[in-house]
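In this chain, residues are counted from 1 in sequence order.
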Amino acid sequence: MRILPLLMIAATVSFAQWGGGGKSLNDYKKVSVSGRDIHVYAPSNLAPKSPLLLSLHGMDQDPNYQQDMTHWETVADTAGFVVVYPRGGTGMSTWDIQGDKDTKWVTEIINQMVKDYDIDTKRVYLSGFSMGGMFTYHAMSKIADKIAAFAPCSGPNVYGASKAMRPVPIFHPHGTNDDVLQYSSLESFLKNYRDQFNCPAQAEVTENYPNSENRATLYSWGPCDDGVYIKHLKLQGRGHSPSKADVSDIWNFVKQYSLDGVAEPIVVPTNRDTVFNGTFSDSLKLAGWSLTVHSGDGTFKFNEGKGEINVTKVGTNAYDVQVIQNGMHYEKGKSYKLTFDAYASVARTLEVNLEKDTDPWTSYLGEAATFDLGTTSKTYEIMFTMNEPTDENGRISINAGLATGSVFIDNVKLTEVTSDEVGLAKNRLMLSSETSFRVYNLKGAFVCKLNSRPGEIQTRLNSMNLNKGLYIVKNGALNRIFSVK
């Protein structure tokens with residue numbers, strides 16, 4: 001390979017550092033492939049035929065730096081795929097961006113991952129930063145029959161655009177303040193590929209595209225030949241640096257593609273009165289569900305046909321680590337029953353709410369229901385009547401932020417019931433150990449919360465300023481009907 005231009009050597013001097021956190025390369029498995037090292041991360045309980053993503057470092061860098069800046073494992077844990085950080089093959093950790101040496105090695109890495117993890121060879125994705133990005137472009141001309149989609153970051157090839165083996169999907173993030181591979185060079189470089197793939201001349205432009213580090217604009221050209229897209233994420237003020245802020249966007253782009261073509265997107269219906277993917281099927285995994293963290297922290301992943309919420313940092317409130325499904329239709333005056341199976345790695349409580357999806361997040365239960373979970377799976381139930389105005393985009397919130405460890409959720413179902421069934425369907429005696437109760441009227445409307453021993457509830461109810469009649473007293477799934485005289 002010829003000596004690289006001097007600007008390539010500068011690639012090590014102007015990187016914006018990210019504070020890290022989470023896993024380090026020590027949490028990865030070090031593997032030798034044909035005498036060269038790779039570092040591999042595979043989520044626990046990885047399903048067979050899961051995807052593979054390779055993330056390549058820049059010149060004179062190493063897998064440790066690339067992992068510390070990108071933390072691909074945070075996405076892999078949720079989406080369920082294998083991550084590999086390879087190491088460049090020379091003293092300055094460069095990549096062969098003109099010949100066959102490293103493209104052949106990448107093929108050997110793929111073969112090794114098939115043996116070790118049974119990865120899906122039709123869903124292998126390649127991403128790289130700086131010279132790793134140049135190699136990503138080079139690989140389009142050499143092994144596009146092995147790679148389904150490409151995400152070069154800040155790395156237009158200094159030797160010019162290659163002739164791709166086929167129309168390939170491309171996602172290219174690049175900072176406007178890049179002082180190593182200047183942003184001004186990118187347009188003509190990308191145009192070469194747009195012309196190769198017969199993309200539309202004009203891009204679809206998304207201003208103020210969300211990015212946690214920089215003001216961003218997304219440019220999309222497509223559909224091009226074979227249905228592929230070329231996308232460029234313009235990052236205002238970003239220098240020459242890979243970033244954790246971009247990995248979710250890269251994954252959400254590449255995951256749409258396989259070597260068989262564009263994968264059909266999973267469409268989650270809106271304004272629906274049933275739970276989507278409440279059984280966490282293998283074909284849908286976590287589709288329809290999303291994780292939100294506030295003052296707590298954790299992950300949400302597919303685990304053998306269940307959703308697993310793993311809380312690594314507790315919050316102030318249960319909703320500081322929560323899993324949400326929105327798009328639910330709650331009709332005023334109608335009554336509903338929500339059931340789900342749950343258990344935990346250690347005994348703990350879990351909070352569940354049915355609520356408005358926007359501020360002020362009104363609870364349609366009056367307040368969130370709290371359940372005591374054990375280490376074996378049980379079925380839990382909430383029944384309520386919708387007394388607020390009809391909500392066509394309500395949500396189910398599963399809130400786990402008050403204790404560390406894992407909560408496993410399955411078989412989440414919402415069904416419509418008659419108002420008479422609310423509170424009457426399971427008129428069971430409450431446990432003698434229960435001391436905190438919620439009081440509802442027979443229409444399911446929340447009245448109050450009281451603390452009392454079970455034997456004293458009748459006296460407490462009669463002493464309260466309630467209308468005469470029947471009331472439902474609940475604690476979790478247990479409830480009983482009491483009359484007020």
Side-chain angles (χ1 to χ4, degrees), residues 272-280 288-289 306-307 309 317-319 322-344 348-357 361-374 377-388 390-391 393-402 407-431 434 436-450 471-481:
R272 63 191 182 279
D273 55 8
T274 56
V275 177
F276 182 84
N277 188 27
T279 59
F280 300 98
W289 299 93
K306 296 177 287 294
I309 310 167
N317 307 284
Y319 57 75
Q322 62 181 175
V323 168
I324 295 168
Q325 178 164 148
N326 58 13
M328 306 301 301
H329 183 111
Y330 301 130
E331 184 82 19
K332 183 176 182 179
K334 289 188 176 181
S335 300
Y336 300 91
K337 177 171 68 174
L338 179 77
T339 59
F340 61 95
D341 298 340
Y343 66 97
R348 54 162 297 154
T349 61
L350 180 71
E351 184 180 280
V352 179
N353 212 346
L354 296 97
E355 59 191 346
K356 190 176 179 67
D357 193 44
W361 298 283
T362 304
S363 172
Y364 301 137
L365 306 179
E367 64 172 14
T370 301
F371 301 93
D372 293 321
L373 303 188
S377 182
K378 294 183 180 180
T379 301
Y380 299 88
E381 176 183 295
I382 296 172
M383 300 181 74
F384 76 105
T385 298
M386 180 64 171
N387 293 303
E388 298 288 336
T390 295
D391 188 346
N393 187 37
R395 74 185 190 187
I396 300 167
S397 299
I398 301 173
N399 306 323
L402 290 180
V407 172
F408 301 88
I409 304 294
D410 199 4
N411 297 321
V412 188
K413 300 177 184 178
L414 183 74
T415 55
E416 186 179 339
V417 296
T418 66
S419 59
D420 290 341
E421 290 180 87
V422 178
L424 296 174
K426 291 191 176 180
N427 184 15
R428 295 181 288 182
L429 293 177
M430 290 176 285
L431 300 176
E434 295 175 300
S436 180
F437 307 95
R438 296 183 300 277
V439 181
Y440 300 80
N441 62 29
L442 283 190
K443 292 185 178 181
F446 176 74
V447 176
C448 66
K449 184 175 181 179
L450 60 86
Y471 288 84
I472 309 161
V473 180
K474 295 185 179 182
N475 183 358
L478 298 173
N479 59 76
R480 190 178 180 184
I481 307 303

How are the rings of Phe371 and Phe340 set relative to one another: parallel (under 30°), tilted (30 to 60°) or perpendicular (over 60°)? perpendicular
To the nearest 0.5 Å, what is the distance between CG on Asn387 and NZ on Lys334? 14.5 Å
Donor-acceptor pair, side chain of Thr370 and main chain of Glu351, under 3.5 angstrom: no
Please report whether the ring centroid of Tyr319 lies less than 6.0 Å from that of Trp361. no
Point-to-point distance, once rounded to the nearest 0.5 Å, from NZ of Lys337 to CG of Leu414: 10.5 Å
Just how far is it from atom OG of Ser397 to atom CG of Asn326, taken to the nearest 0.5 Å? 9.0 Å
Report the residues that fulfil salt bridge (charged side-chain N to carboxylate O under 4.0 Å, His left out) with Asp410, sequence neighbours left out, ordered by chain and then residue number. none
Keeping the roles fixed (side chain from Trp289, backbone from Asn277), state whether a donor-acceptor pair exists under 3.5 Å. yes
With a 3.5 Å cut-off and no angle check, do the side chains of Asp391 and Tyr364 form a donor-acceptor pair? yes
CD1 on Ile396 to CD on Gln325, rounded to 0.5 Å: 5.5 Å
Any chance OH of Tyr330 has more than 12 other-residue heavy atoms, nucleotides or ligands included, within less than 6.0 Å? yes
Hey, what do you get for OG (Ser377) to CG (Asn411), rounding to the nearest 0.5 Å? 7.5 Å
Checking Glu416 side chain against Ser335 main chain: does a donor-acceptor pair fall under 3.5 Å? no
Can any side-chain N or O of Tyr336 pair as donor or acceptor with the backbone N or O of Glu331 at less than 3.5 Å? yes
Can you tell me if Ser363 and Asn353 form a side-chain donor-acceptor pair at under 3.5 Å? yes
Taking all atoms of both residues into account, what is the closest heavy-atom pair of Gly327 and Asn393, and its distance? N-OD1, 2.8 Å
I'd like to know if Glu355 and Arg395 make a salt bridge, using a cut-off of under 4.0 Å between side-chain N and carboxylate O. yes
To the nearest 0.5 Å, what is the distance between OG1 on Thr279 and NZ on Lys413? 8.5 Å
Please name the pair of heavy atoms, one in Leu365 and one in Val352, separated by the smallest distance, quoted to 0.1 Å. CD1-O, 3.9 Å
Side chains of Asp372 and Thr349, donor plus acceptor under 3.5 Å: no
Is it true that a side-chain atom of Arg348 and a backbone atom of Ala400 form a donor plus acceptor pair closer than 3.5 Å? yes
I need the minimum non-hydrogen distance between Ala342 and Leu373, along with the two atoms involved. CB-CD2, 4.0 Å
Would a 4.5 Å heavy-atom cut-off, applied to side chains only, mark His329 and Thr390 as touching? yes
May I ask you to test the Ile409-Val323 pair for a side-chain heavy-atom distance under 4.5 Å? no
Between Asn317 and Leu402 the two heavy atoms that sit nearest each other are C-CD2, 3.6 Å
Checking side-chain contact (heavy atoms from CB on, under 4.5 Å) for the pair Met328/Asp273: CA distance, chi angles, key distance, verdict? CA-CA 6 Å; Met328 306 301 301; Asp273 55 8; over 6 Å; no
